[in-house]
Amino acid sequence: MLARLILTYPDAMRRVGVALIILVITLGLFQLGVSSHWLGYMLPSSAPWVTDNPLVSRLVSSLLIALILAANWTLLRLLPRRWQIIGVWVELFVLLMLFFYSFNLSFAFIAKKIGFLITQGVTTTLFISAISIAVATVIALAGAIAKLSRNGVIYGLATFYTSLFRGLPLLMQIYIIYLGLPQVGYVIGAIPAGILALSLCYGAYMTEIFRAGIESIDRGQSEAATALGLKPGQTMALVILPQAMRIIIPPTGNQFIAMLKDSSLVSVVGVWEIMYLARTQGQTEFRHIEMLITASMIYWLLSIGLEYTQSRIEERFGRFNVR
């Protein structure tokens with residue numbers, strides 16, 4: 001019956017569907033307790049009515065927001081795809097900034113501290129992340145090859161490593177390395193401990209990514225390389241890995257971004273990275289939220305940079321694959 005109505009009266013049913021969506025959004029916003037105070041700011045003459053009729057004003061506020069969202073959706077659909085993407089980013093960024101602005105932030109305090117946060121915190125964070133990423137990649141490649149080995153000892157070592165370091169929380173690994181190694185006579189600094197923990201943890205996750213990428217290459221490629229006289233190491237380096245990188249790069253890029261953010265955990269052992277400085281600098285004047293938001297924006301910008309780099313690398317390997 002419903003299908004027949006849709007086929008017979010497509011325009012009318014589309015309007016009914018739009019009305020139902022607006023109604024659902026309105027009720028959802030109302031149940032979430034959306035504020036109606038903005039009506040008083042937009043129309044000062046309505047402020048007394050908003051105060052005297054809280055439930056009705058909330059319902060009206062929810063309905064107006066739903067209508068604004070519907071109108072915005074309609075206008076965005078009129079634009080080309082590229083401008084739709086730009087429009088969505090601009091709108092959401094403005095809403096995010098308005099959300100932060102509602103916290104009554106001290107922008108003078110942020111301006112005073114952001115220079116030190118960038119020069120000291122960002123430098124340390126990028127240093128730790130870059131070294132950890134490089135070491136984790138080497139560990140992952142070795143672990144993947146070990147998990148593909150027919151040698152039981154090597155396979156057992158690889159599986160135990162991945163099981164252990166994927167099973168323990170990263171924070172626990174940092175504590176065990178930083179506080180545990182001195183118990184056996186090896187004193188390690190805070191930064192080396194953080195790099196070692198990040199490398200071992202993400203190396204374990206990336207091992208499975210590398211293994212899956214290598215196994216995705218058809219066995220015939222290895223057989224053809226062997227027939228041409230290539231040794232196993234040459235086959236892996238010259239034939240298998242270049243083709244597997246197209247599959248490995250996307251999930252590996254996600255791991256790199258996650259590692260960049262998880263590098264904040266090394267602050268627990270006193271490393272002066274972004275999160276550590278955000279906490280300590282915010283304590284001086286009890287401006288914690290200002291520093292935490294600033295640190296969050298810095299992490300976001302760094303992640304955007306990694307996302308862009310990842311997309312360019314994917315594009316490059318994709319072009320080689322087409323050839």
Side-chain angles (χ1 to χ4, degrees), residues 116-146 157-158 161-162 164-182 184 186-211 213 237 241 244-245 248-280 295-296 298-314 316-317:
F116 182 63
L117 202 64
I118 292 175
T119 55
Q120 176 65 45
V122 173
T123 302
T124 304
T125 297
L126 290 178
F127 173 76
I128 293 173
S129 300
I131 296 180
S132 300
I133 286 170
V135 176
T137 301
V138 175
I139 293 175
L141 180 58
I145 295 174
L157 290 172
Y161 158 70
T162 55
L164 176 64
F165 285 93
R166 288 197 301 172
L168 292 178
L170 177 56
L171 184 61
M172 186 66 68
Q173 295 178 38
I174 295 173
Y175 278 128
I176 290 174
I177 292 173
Y178 183 67
L179 301 176
L181 289 181
V184 294
Y186 181 77
V187 179
I188 186 170
I191 292 180
I195 291 174
L196 182 58
L198 287 169
S199 301
L200 291 173
C201 179
Y202 279 91
Y205 286 105
M206 292 165 55
T207 293
E208 294 301 320
I209 295 174
F210 275 68
R211 180 194 58 78
L241 280 180
M245 290 304 293
I248 291 172
I249 286 174
T252 301
N254 293 334
Q255 294 296 318
F256 287 174
I257 294 173
M259 179 189 290
L260 175 69
K261 293 180 293 183
D262 281 348
S263 65
S264 61
L265 292 176
V266 303
S267 64
V268 299
V269 292
V271 177
W272 283 32
E273 49 75 60
I274 297 174
M275 188 56 64
Y276 178 85
L277 292 178
R279 292 203 314 267
T280 55
S296 300
I298 292 175
Y299 276 118
W300 186 25
L301 291 175
L302 293 176
S303 298
I304 290 175
L306 280 178
E307 289 173 6
Y308 177 75
T309 304
Q310 175 187 341
S311 66
R312 295 303 299 269
I313 296 174
E314 288 181 24
R316 183 177 182 85
F317 277 94

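The side-chain contact (heavy atoms from CB on, under 4.5 Å) search around L179 returns Y175, not counting sequence neighbours. Scanning for side chain to side chain donor-acceptor pair (under 3.5 Å) contacts around Q120 gives T124, with sequence neighbours left out. The side chain to side chain donor-acceptor pair (under 3.5 Å) check on Y308 picks up R312, with sequence neighbours excluded.
Shown here for E307 and I257, the closest heavy-atom pair between the two residues is CG-CD1, 3.5 Å. Between Y299 and S264, the closest heavy-atom pair is OH-CB, 3.3 Å. Nearest heavy atoms, R279 versus S267: NH1-OG, 3.2 Å. Across all their heavy atoms, V266 and G194 have their closest contact at CG1-CA, 3.6 Å. Taking every heavy atom of both residues into account, S129 and L260 meet most closely at OG-CD1, 3.6 Å. Residues L170 and A197 come closest through the heavy atom pair CD1-O, 3.8 Å.
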As a quick check of understanding, evaluate side-chain contact (heavy atoms from CB on, under 4.5 Å) for F210 and T252, giving each step before the final call. CA-CA 9 Å; F210 275 68; T252 301; 4.1 Å; yes
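Remark: L200 CG to L168 CG distance equals 11.0 Å, nearest 0.5 Å. The line from CG of L196 to SG of C201 is 11.0 Å long, rounded to the nearest 0.5 Å. In this structure, NZ on K261 lies 13.0 Å from CD1 on I274, to the nearest 0.5 angstrom. Distance OH/Y186 to CD1/I188: 5.0 Å, rounded to 0.5 Å. The structure places CE of M206 at 11.5 Å from CG of N254, a figure rounded to the nearest 0.5 Å. We find the CD1-OG1 distance between I118 and T125 to be 11.5 Å, quoted to the nearest 0.5 Å.
Pairs passing the salt bridge (charged side-chain N to carboxylate O under 4.0 Å, His left out) check and including a residue from residues 189-210, sequence neighbours excluded, read K147-E208, E208-R211. The salt bridge (charged side-chain N to carboxylate O under 4.0 Å, His left out) pairs that include a residue from residues 119-131 number zero, where partners must be two or more places apart or lie in different chains.
T280 places a side-chain heavy atom less than 4.5 Å from the side chain of L277. Two residues are said to be in side-chain contact when any heavy atoms from C-beta on lie closer than 4.5 Å; D262 and Y202 meet this criterion. Side chains of V187 and L181 form no contact here, defined as non-hydrogen atoms less than 4.5 Å apart. Side-chain contact between I195 and I191 is present, with at least one heavy-atom pair separated by less than 4.5 Å.
Remark: F127 CZ is loosely packed, at most 12 non-hydrogen atoms of other residues, nucleotides or ligands lying under 6.0 Å away.
In this structure, the side chain of Q173 engages the main chain of F165 through a donor-acceptor pair within 3.5 Å. A donor-acceptor pair under 3.5 Å links the side-chain atoms of E273 to the main chain of Y276, judged by distance alone. Looking only at distances, a side-chain donor or acceptor of Y161 sits under 3.5 Å from a matching main-chain atom of A204.
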Let me have the donor-acceptor pairs involving side chains of residues 131-145, under 3.5 Å, with sequence neighbours excluded, atom names and distances please.
{"unit_1": "S132", "atom_1": "OG", "unit_2": "I128", "atom_2": "O", "d": "2.7"}
{"unit_1": "T137", "atom_1": "OG1", "unit_2": "I133", "atom_2": "O", "d": "2.8"}

